[in-house]
Amino acid sequence: MDKMYRKYGITSIKAIEHLVLIIIAIATVVAIGQEIKHIFDVGAVALADLLLLFIYLEVLAMVSHYAESGKLPIRMPLYIAIVALARYLILDMKAMDDWRIVAISLSTLVLAATVIVIRWGQLKLPYPRPRDEDEK
């Protein structure tokens, strides 16, 4: 049973994983196209448009990195969250009360501090490298 799971189960899960990655990449490219069309329709580029394109670019980079390495670095979604909060703040600042602006700003600072802590941990406290089977 274990061999059958390893042969078919893991292979099936990997196939579904790659299919979903392709769907995410295609959806992101479509969203980029829609945003570019919107920019041309309006005839002007706003900062919010650029930040949204940057978010899409980060999503594509995250999909690419995950497809290549099979690992999802936690910093990439944090970068996306920081840019999304900045975009939200820029778009709706006039309609927000002071406490909401402070809360969003503090949230952005917490996310930025989290990125710094994670990066510090990667540099100062790296995971031990797994030994190859040949060395055992």
Side-chain angles (χ1 to χ4, degrees):
M1 183 70 170
D2 188 44
K3 284 186 179 187
M4 192 167 90
Y5 171 73
R6 286 178 190 258
K7 183 175 182 182
Y8 297 110
I10 294 175
T11 305
S12 299
I13 290 171
K14 287 288 184 182
I16 292 169
E17 180 181 10
H18 289 294
L19 177 67
V20 172
L21 280 174
I22 291 169
I23 291 170
I24 291 170
I26 290 170
T28 305
V29 170
V30 168
I32 290 170
Q34 290 173 342
E35 183 62 23
I36 291 172
K37 182 185 179 307
H38 168 75
I39 291 170
F40 279 113
D41 289 346
V42 171
V45 180
L47 181 59
D49 298 327
L50 294 176
L51 290 173
L52 187 58
L53 287 172
F54 184 72
I55 290 171
Y56 293 147
L57 181 66
E58 283 293 319
V59 170
L60 281 179
M62 186 170 58
V63 168
S64 172
H65 187 275
Y66 187 74
E68 288 175 3
S69 69
K71 298 175 184 175
L72 181 63
I74 189 65
R75 287 184 295 149
M76 284 185 162
L78 292 174
Y79 295 145
I80 292 169
I82 290 169
V83 174
L85 284 172
R87 184 177 184 275
Y88 176 60
L89 196 61
I90 290 167
L91 286 177
D92 296 335
M93 184 182 285
K94 292 179 183 175
M96 289 184 196
D97 60 352
D98 295 341
W99 286 109
R100 181 169 291 207
I101 293 172
V102 169
I104 292 170
S105 301
L106 286 175
S107 299
T108 305
L109 283 173
V110 167
L111 288 171
T114 303
V115 169
I116 291 170
V117 168
I118 289 171
R119 185 65 183 138
W120 179 85
Q122 288 174 335
L123 291 174
K124 299 295 183 183
L125 307 167
Y127 286 116
R129 295 189 180 266
R131 295 184 341 170
D132 290 334
E133 293 296 322
D134 298 335
E135 294 177 2
K136 288 183 181 177

Is there a side-chain contact between K37 and Q34 in this structure, where contact means two heavy atoms from C-beta onward sitting under 4.5 Å apart?
no
Hydrophobic clusters here meaning ILVMFWY residues chained together by side-chain heavy-atom distances under 4.5 Å, can you tell me if I36 and V42 are in one?
no
For the CG atom of L50 and the CD atom of E35, what is their distance to the nearest 0.5 Å?
9.0 Å
Can you spot which of I24, I32, V29 makes a side-chain contact (heavy atoms from CB on, under 4.5 Å) with V59?
I24
To the nearest 0.5 Å, tell me how far E58 CD sits from H65 NE2.
11.5 Å
Distance (rounded to the nearest 0.5 Å) between T114 OG1 and L111 CG:
5.5 Å
Residue pair L19, I23: steps toward the side-chain contact (heavy atoms from CB on, under 4.5 Å) verdict
CA-CA 6 Å; L19 177 67; I23 291 170; 4.1 Å; yes
Is it the case that one hydrophobic cluster holds both M76 and V63, taking links as side-chain heavy atoms less than 4.5 Å apart, direct or via other members?
yes
Backbone of L60 reached by a side-chain donor or acceptor of S64 within 3.5 Å
no
If you measure from CG on L89 to CD1 on I104, what distance do you get to the nearest 0.5 Å?
5.5 Å
When you group the ILVMFWY residues by side-chain heavy-atom contacts below 4.5 Å and let the links chain together, are V45 and L53 in the same group?
yes
Step by step, work out the side-chain contact (heavy atoms from CB on, under 4.5 Å) result for L78 and I118.
CA-CA 11 Å; L78 292 174; I118 289 171; 3.7 Å; yes
side-chain contact (heavy atoms from CB on, under 4.5 Å), that's the test. Do F54 and R87 meet it? Break it down for me.
CA-CA 10 Å; F54 184 72; R87 184 177 184 275; over 6 Å; no
Are V102 and M93 in one and the same hydrophobic cluster, where Ile, Leu, Val, Met, Phe, Trp and Tyr link if side-chain heavy atoms are under 4.5 Å apart?
no
Below 4.5 Å, heavy atoms only, C-beta onward: do M62 and I80 meet side chain to side chain?
yes
Minimal heavy-atom distance between A48 and L91, with the atoms involved, is CB-CD2, 3.2 Å
Over all atoms of both residues, closest heavy-atom pair of L85 and S107
CD1-CB, 3.9 Å
Measuring from T28:OG1 to I55:CD1, what's the distance to the nearest 0.5 Å?
11.5 Å
same_hphob_cluster(Y56, I39) at 4.5 Å side-chain heavy-atom cutoff:
yes
Take atom CG of D41 as the centre, draw a 6.0 Å sphere, and report whether it contains more than 12 heavy atoms from other residues, nucleotides or ligands.
yes
